[in-house]
S.K.: 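Before we start, here is the structure in question, set down as structure tokens.
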Amino acid sequence: MGLATLIVIGCIAALGATDGPSRGNVWPKPRSVVKFHNDGFVIVSPNSFRFNVTHYKCSTLDDALVRYYKFLVLERQAGFTERIHFRTSTNDVPLGQVHIDPNATYRGKLETLEVELMAPCEHYPYFGMDEHYELRIDSPDLPYAAKLVSHSIWGILRGLETFVQLAAPSADGTALHMSSCMISDYPRFSHRGLLIDTARHFIPLETLYTLVDGMEASKLNTFHWHIVDDQSFPYQSSTFPELSDKGAYNPLSHVYTQNNVKALIEYCRIRGIRVIAEFDTPGHTRSWGDSHPELLTVCYDETGKPKPILGPMDPTKESTYKFIDKFFAELAEVFPDKYMHVGGDEVIKDCWKSNPDITKYMKMHNFTGYNQLESFYVDKAVQTIYALNKSTIVWQEVFDNGGTRLDRNTVVHIWKGNYPEELRKITAANYMTLLSSCWYLDHLGVDWKVMYKCDPQNFEGTPKQKRLVLGGEACMWSEVVDFTNVIPRVFPRASAAAERLWSDQTVKDIADASNRLDEFRCRLVRRGIHAEPSRGPGYCPGEIF
Ligand SMILES: *[C@@H]1O[C@H](CO)[C@@H](O)[C@H](O)[C@H]1NC(C)=O
Ligand SMILES: *[C@@H]1O[C@H](CO)[C@@H](O)[C@H](O)[C@H]1NC(C)=O
Ligand SMILES: *[C@@H]1O[C@H](CO)[C@@H](O)[C@H](O)[C@H]1NC(C)=O
Ligand SMILES: *[C@@H]1O[C@H](CO)[C@@H](O)[C@H](O)[C@H]1NC(C)=O
């Protein structure tokens, strides 16, 4: 699929109003859109519309067609409701009057979308998978017809999302308009993630599914599951079931069973979304100690007496490594992705400093500082994961502390401030990196525009260094969110990060993005994803309660 042109223009003509929502625009913005026939459009009626699969097929594709047909019907319903009930706000273009002169632009009915997958389906998505697709609607070589082509099932999934987002309800609410156009599209970054913390508050499986639905709509492709932490251990291990029996908030209701985990991985897989599990160590492990206190460091008071408090994992005991070897081997089986996130952030050293056995061990090994002790642990954890034929992602502290033998395939994940400098340093050392610093969704008051402006390649470095930036992740830490409020906190702000990670670097017009995000957010709401409003007064077309 050649990229004939890189001219980026809206598939639907710009509306007169500068602050009205867009209609039939795609979020994240495709790399290249070319319109035909003087802003021509076709009409799609869900009553007669069909997908026509002409080459390879598989269950992943079958499922996607069912899903996307449903989304098309939802758009059609919105148009129908809108027709009857809603007043036209002063600064808005009435829905259905997008194509002001139907005679000048109406081209005909679109009955089918031909779906041409050029290669057999791959089973599981992976880093660097091909997400490129080409979508033609009533183009000169395909008048009154439409075709989606990709060399990969993942590209087909992204293209179906785009196809449905092009739909805008017609004036009478009975059908959908779609511009005559050709779209050639592929992501700027391969790793476009959302981190969800399920330990500070438990997030039920149904809510996780809804989050994944929002990721699919936003073309995010990596679900980073920060599954356990100090506060709780909801993962039900088959090797060590006592971890969640003792460490979960409730061992019966606030756990992810093996079946739950499998179901979520499958839910993500068929949407072209990877699942990367993070079992953070050696810090953030208090809940592990509820069942396995021997893993953690005993803290001592000033007088040298043990306190009833446990610190980070004890890196000086052989039994700690025996345990993680066995546990990580289970995780390597359960989570099919090539990458495991090892964590390694925010290790608080006071407890290690207070413990006389650790002091003795360090003297014996000639360790000069506690960072060296930390590196000693992380090094062993990382080697364990390499031995399981997996690659690792680590939080930036592991790189910052130095001393850990990081394999060239290790990805360093940046979360702290001054990230341009950190990006420069990590890539100068020839490591791959991911950025999250500017996409902390738990930071309230940081609106989507701030997140939208953050560019992970905006640092001083050579083109080779820039290429070591694999992408980034929006992070939802769950100290103050649970099933009641996590969805609107994540969306649509995570979608702002998603456009930054997908679209061309030159796409940064805030006014245009604001109009498109408004439309996109309403699409999420129609799909049952309760994304919060992205800007001031208004309503979603067709919303009804
Ligand atoms: C599906 O597409 C193929 C190839 O373009 C065409 O020959 C066939 O008639 C189409 N089938 C339907 C039902 O539209
Ligand atoms: C537009 O088309 C409709 C039917 O196709 C026709 O009745 C009408 O006269 C046309 N209007 C103009 C201004 O050409
Ligand atoms: C620690 O240093 C001493 C003195 O330099 C040396 O004899 C000893 O072998 C070292 N121990 C280790 C474990 O490296
Ligand atoms: C290691 O993983 C790769 C895929 O990432 C696979 O092709 C290879 O067969 C694996 N090797 C072993 C020994 O399991």
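It should be emphasised that the depicted structure is a prediction, and the values quoted were computed from it without experimental measurement. Worth knowing before you read on, the calculation uses all heavy atoms, side chains too, and leaves out hydrogens, waters and symmetry mates. Just so you know, ligand 1 is whichever comes first in the structure, and atom 1 is the first atom listed for that ligand.
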S.K.: Under 4.0 Å from atom 2 (O) of ligand 3, do we find at least one protein heavy atom?
M.R.: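 Yes, there is one.
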
S.K.: Does the separation of the ring centres of Trp395 and His341 fall below 6.0 angstrom?
M.R.: yes

S.K.: How close do Pro234 and Thr198 get, heavy atom to heavy atom, and via which atoms?
M.R.: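 Scanning both residues, the minimum pair turns out to be CG-O, 3.5 Å.
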
S.K.: Quick check on contacts: which atoms of ligand 1 are under 4.0 angstrom from a heavy atom of Asn52?
M.R.: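 Those qualifying, in numeric order: 1 (C), 2 (O), 3 (C), 8 (C), 10 (C), 11 (N), 12 (C), 14 (O).
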
S.K.: Does an N or O anywhere in Asn366 fall below 3.5 Å from an N or O of ligand 3?
M.R.: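 Yes, at least one N or O pair falls under 3.5 Å.
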
S.K.: Kindly assign one of parallel, tilted or perpendicular to the pair His226 and His224, based on the angle between their ring planes and the thresholds 30° and 60°.
M.R.: tilted

S.K.: Which pair of non-hydrogen atoms, one from Leu176 and one from Pro46, has the smallest distance, and what is that distance?
M.R.: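 In terms of heavy atoms, the two residues are closest at CD1-CG, 4.2 Å.
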
S.K.: Any protein heavy atom under 4.0 Å from atom 9 (O) of ligand 1?
M.R.: no

S.K.: To check your reading of the model: name the closest protein heavy atom to atom 4 (C) of ligand 4, its residue, and the distance in Å.
M.R.: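 It is Lys338 NZ, 4.0 Å.
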
S.K.: Provide the number and element of each atom of ligand 1 under 4.0 Å from a heavy atom of Thr54.
M.R.: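 Those atoms are 1 (C), 2 (O), 3 (C), 4 (C).
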
S.K.: Considering only protein heavy atoms, which is closest to atom 14 (O) of ligand 4, and at what distance to one decimal place?
M.R.: Asn389 ND2, 3.2 Å

S.K.: Output yes when Asp213 and Arg527 qualify as a salt bridge under the 4.0 Å nitrogen-oxygen rule, no when they do not.
M.R.: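 Looking at Arg527 together with Asp213, the answer is no, because their closest N to O distance does not fall below 4.0 Å.
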
S.K.: For salt bridge (charged side-chain N to carboxylate O under 4.0 Å, His left out), just list the numbers for Asp39 and Lys35, CA-CA rounded to whole Å, side-chain angles, deciding distance to a tenth of an Å, and then say yes or no.
M.R.: CA-CA 6 Å; Asp39 297 345; Lys35 296 188 298 173; 2.6 Å; yes

S.K.: Can you report which non-hydrogen protein atom sits closest to atom 13 (C) of ligand 3, along with the distance?
M.R.: Met364 O, 3.5 Å

S.K.: What is the nearest protein non-hydrogen atom to atom 5 (O) of ligand 1, stated with its residue, atom name and distance?
M.R.: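 For atom 5 (O) of ligand 1, the nearest protein heavy atom is Glu114 OE1, 3.1 Å.
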
S.K.: Would you call the rings of Phe51 and Phe49 parallel, tilted or perpendicular if under 30° counts as parallel and over 60° as perpendicular?
M.R.: perpendicular

